[in-house]
Amino acid sequence: MSSPTHTPPVNPLPPVVVALVLVLMGIEILFMAGSKGLIGGPEAVGWRVAAMQKYAFSGDIFDWMVETGRWPFEHLMRFVTYPFVSVTFTQTIFVCVFVLAMGKLVAETFGAVAMLLIFVLSGIGGALLYALLLNEPYPLVGGFPPVYGLIGAFTFLLWRKLSLVGENQARAFTLIAFLMGAQLLFGLLFGGSRDWTADLAGFATGFGLSFFLGPGGWARIRSRIRHD
C-alpha cells in the first residue's frame, strides 16, 4: 500500500536564501549582543562602528583609488561587504524580509546561483553609481541596493509575463515606483542622505542582469544575434 504524498503547507525556502538571511541576522545579533555587554568585553560596544569603518563603502575612498590608480583589496572588498553591515536592527529586519520574499521568488525561477549573482552584482552596481554620481560624505551601508536588485529581477519576471498575455508591461514597475516614491517623500520630510541613488542603481542592475540570467536568457540573446 503506497503512502500518501505529503504536501507541506508552506513551500520551503531555497537554501541560498536561508543562508543569506542567517548571515545578515547573525552579524546583527553579534552587534546587538556586543553592545549590551553580553559577549566580547568592553570593546564589543563599538563593534558596529568598527565594522562600518572597515567594511562600509566609501565614496571618498573610491575617489582616492581612481585618482591614485591603486586598488587595494581591503577597499575593493567594500563593494561586496557593505550590504552585510546595517546601521540599525530595524534596517536588518527590513532587508531580511525582502530577501526572504524576493529572494525566494528569484531563486525558484532563476536558480540559486543566478539569484546570488544578482544580489552581489546589484550591490556592486549600486555602490558604483553612488560613488560616480554623488559626492556624499556618508558611507554606504546596509543591504537595500542588492535587495532592490532582487526587486529588479522580480519586476523582470512580471514584465515578461505581462508581455506574454498582451497586457501593459508598464504595470510591472508599480512596486519600484511605489518604493522609490516613498523613499523620496521620506527624504523630503525628514532629510538624510541620497543613498536612494544606490537603491535605484541596484534595481536597474538586477533588471538588466535578468536578461542574461533569467530562464532562457542566453538562448534568447543568441537567437536575436543570429537573426540580426
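Position 1 is the first residue of the sequence, and the numbers go up from there. Below, all heavy atoms of this structure are taken into account, side chains as well, without hydrogens, waters or symmetry copies.
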From [atom1] ([X]) to [atom2] ([Y]), nearest 0.5 Å:
X    : Y    : atom1 : atom2 : value
L213 : T109 : CG    : OG1   : 13.0 Å
L179 : T174 : CG    : OG1   : 11.0 Å
M180 : D199 : CE    : CG    : 6.0 Å
L128 : L133 : CG    : CG    : 9.0 Å
T88  : I93  : OG1   : CD1   : 9.5 Å

Q. Between W64 and H75, what is the ring plane arrangement, given parallel below 30°, perpendicular above 60°, and tilted in between?
A. perpendicular

Query raised in the report: Under 30°, 30 to 60°, or over 60°: which ring-plane class applies to F156 and W159, parallel, tilted or perpendicular?
Result: tilted

Can you confirm whether or not the ring centre of Y148 sits under 6.0 Å from the ring centre of W196? no

request  = Kindly indicate, with the supporting measurements, whether the criterion side chain to side chain contact (heavy atoms under 4.5 Å, CB included) is fulfilled by D195 and Y138.
outcome  = CA-CA 9 Å; D195 53 5; Y138 309 103; over 6 Å; no

Heavy atoms only: give me the nearest [X]-[Y] pair and the separation to one decimal.
X    : Y    : result
A153 : I118 : CB-CD1, 3.9 Å
S86  : G142 : OG-CA, 4.2 Å
L158 : A172 : CB-CB, 3.8 Å
G59  : A131 : CA-CB, 4.4 Å
A201 : L129 : CB-CD2, 3.4 Å
L162 : N168 : CD1-O, 3.4 Å

**Asked** Does V87 belong to the same Ile/Leu/Val/Met/Phe/Trp/Tyr cluster as F31, with side-chain heavy atoms less than 4.5 Å apart forming each link?
**Response** yes

Checklist line | ILVMFWY network linking F207 to L164, side-chain heavy atoms under 4.5 angstrom | finding: no

Q.
Using a 3.5 Å distance criterion without hydrogens, assess whether the side chain of R48 forms a donor-acceptor pair with backbone atoms of E28.
A. no

Exercise for the section: Determine, stepwise, if the pair F173 / F203 fulfils side chain to side chain contact (heavy atoms under 4.5 Å, CB included). Expected result: CA-CA 11 Å; F173 298 90; F203 172 85; 4.0 Å; yes

Inset, instruction - Quick one: do V147 and F94 satisfy side chain to side chain contact (heavy atoms under 4.5 Å, CB included)? Show the steps, please. - result: CA-CA 10 Å; V147 157; F94 275 108; over 6 Å; no

From the list F57, Y130, Y55, side chain to side chain contact (heavy atoms under 4.5 Å, CB included) with Y82 holds only for F57

With sequence neighbours left out, the residues meeting salt bridge (charged side-chain N to carboxylate O under 4.0 Å, His left out) with R78 are none

Quick one: do I27 and T92 satisfy side chain to side chain contact (heavy atoms under 4.5 Å, CB included)? Show the steps, please. CA-CA 9 Å; I27 293 171; T92 302; over 6 Å; no

